[in-house]
Amino acid sequence: YDWDDIIRSVSASFQMEWELSVADLVEKYCHPPHIKLYPGAFQLLSTLSQEGHVLRALTNGYYIYQYPVLRALGIAPFFERIVTPEKLGAAKPQRKFYLAAQKDAPQPHIHVGDTVIHDIWGANRSGAISVWVKHDLPSEWENLTPEKRARDPLITTLVQEGINSDLCPHCHPGLELKEALPHFVINDLSEVEGIITSLVKS
């Protein structure tokens with residue numbers, strides 16, 4: 001995930017020199033239409049922050065590449081910590097990454113993400129509660145609660161499709177479908193607050 005090192009290495013293989021900085025390019029292009037928030041993201045983070053929840057961003061991008069994006073989107077102040085690979089020596093979906101992110105934070109750890117392998121599988125293996133953001137929700141699921149969607153028989157097919165669509169599913173030989181099933185499935189981030197409320201009450 002060291003993008004500058006990757007480009008330097010590839011450039012060297014072609015006897016070329018990489019003289020720019022990815023971090024500088026991120027800063028230059030860190031504005032719409034190159035970046036955007038999921039609908040409802042700002043409101044959700046704002047609400048959870050006001051309610052006193054500890055919010056941490058878990059990303060495989062190095063801090064120098066990711067923080068400018070979070071800052072430009074106006075959501076950086078909501079996060080108490082931004083967890084990145086170069087600080088931990090691990091990355092999603094490694095269990096170590098999630099366990100480190102949970103350190104010194106109130107439990108339970110509720111992880112919200114849109115990829116099966118890097119978000120759901122990784123979170124599950126660390127003991128976190130996984131919330132899968134699936135924007136192309138099946139029509140028959142629209143009136144179901146996030147918990148009932150995760151328990152519907154169709155979930156195994158959709159999760160397997162999510163695994164198959166990953167850029168490198170074979171890079172994770174220990175991956176098993178049953179370990180990648182989410183605890184909740186949402187279509188809109190506005191549903192997250194209800195999940196957190198129900199978990200706190202229970």
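No hydrogens, no waters, no symmetry mates; every other heavy atom, side chains included, goes into these values.
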Shared-cluster residues of Leu144, by chain and number - hydrophobic side chains joined below 4.5 Å: Val116, Ile117, Ile120, Trp121, Trp132, Leu137, Trp141, Leu154, Ile155, Leu158, Val159, Ile163, Leu175, Leu177, Leu181, Val185
side-chain hydrogen bond (donor to acceptor under 3.5 Å, both in side chains) involving Asp4 - partner list, sequence neighbours excluded: Trp18, Tyr65
Any donor-acceptor N/O pair, Gln107 side chain to His109 backbone, under 3.5 Å: yes
Lys148, NZ atom: more than 12 neighbouring heavy atoms under 6.0 Å: no
Backbone of His183 reached by a side-chain donor or acceptor of Ser130 within 3.5 Å: yes
Arg8/Glu19 salt bridge by N-O under 4.0 Å criterion: no
Cationic N near anionic O, under 4.0 Å, Glu80 to Arg56: yes
CG (Asn143) with more than 12 external heavy atoms under 6.0 Å: no
Note, Gln160 side chain near Thr157 side chain (heavy atom, < 4.5 Å): no
Cationic N near anionic O, under 4.0 Å, Lys92 to Asp119: yes
Atom pair CG/CG of Leu37 and Leu73 - distance to nearest 0.5 Å: 4.5 Å
Sub-4.5 Å side-chain heavy-atom contact between His111 and Leu58: yes
Plane angle bin for Tyr67 and Tyr63 - parallel if under 30°, tilted between 30 and 60°, otherwise perpendicular: parallel
Residue pair Ile196, Ser198: steps toward the side-chain contact (heavy atoms from CB on, under 4.5 Å) verdict: CA-CA 5 Å; Ile196 293 177; Ser198 66; over 6 Å; no
CD1-OG distance between Ile75 and Ser49, expressed to the nearest 0.5 angstrom: 12.0 Å
Main-chain N/O of Glu193 paired with Thr197 side-chain donor or acceptor, under 3.5 Å: yes
Presence of salt bridge, Arg149 and Glu191, under 4.0 angstrom: yes
Co-membership, hydrophobic cluster, residues Tyr62 and Ile82, 4.5 Å side-chain: yes
Backbone N/O of Thr47 and side chain of Gln50: donor-acceptor pair under 3.5 Å: no
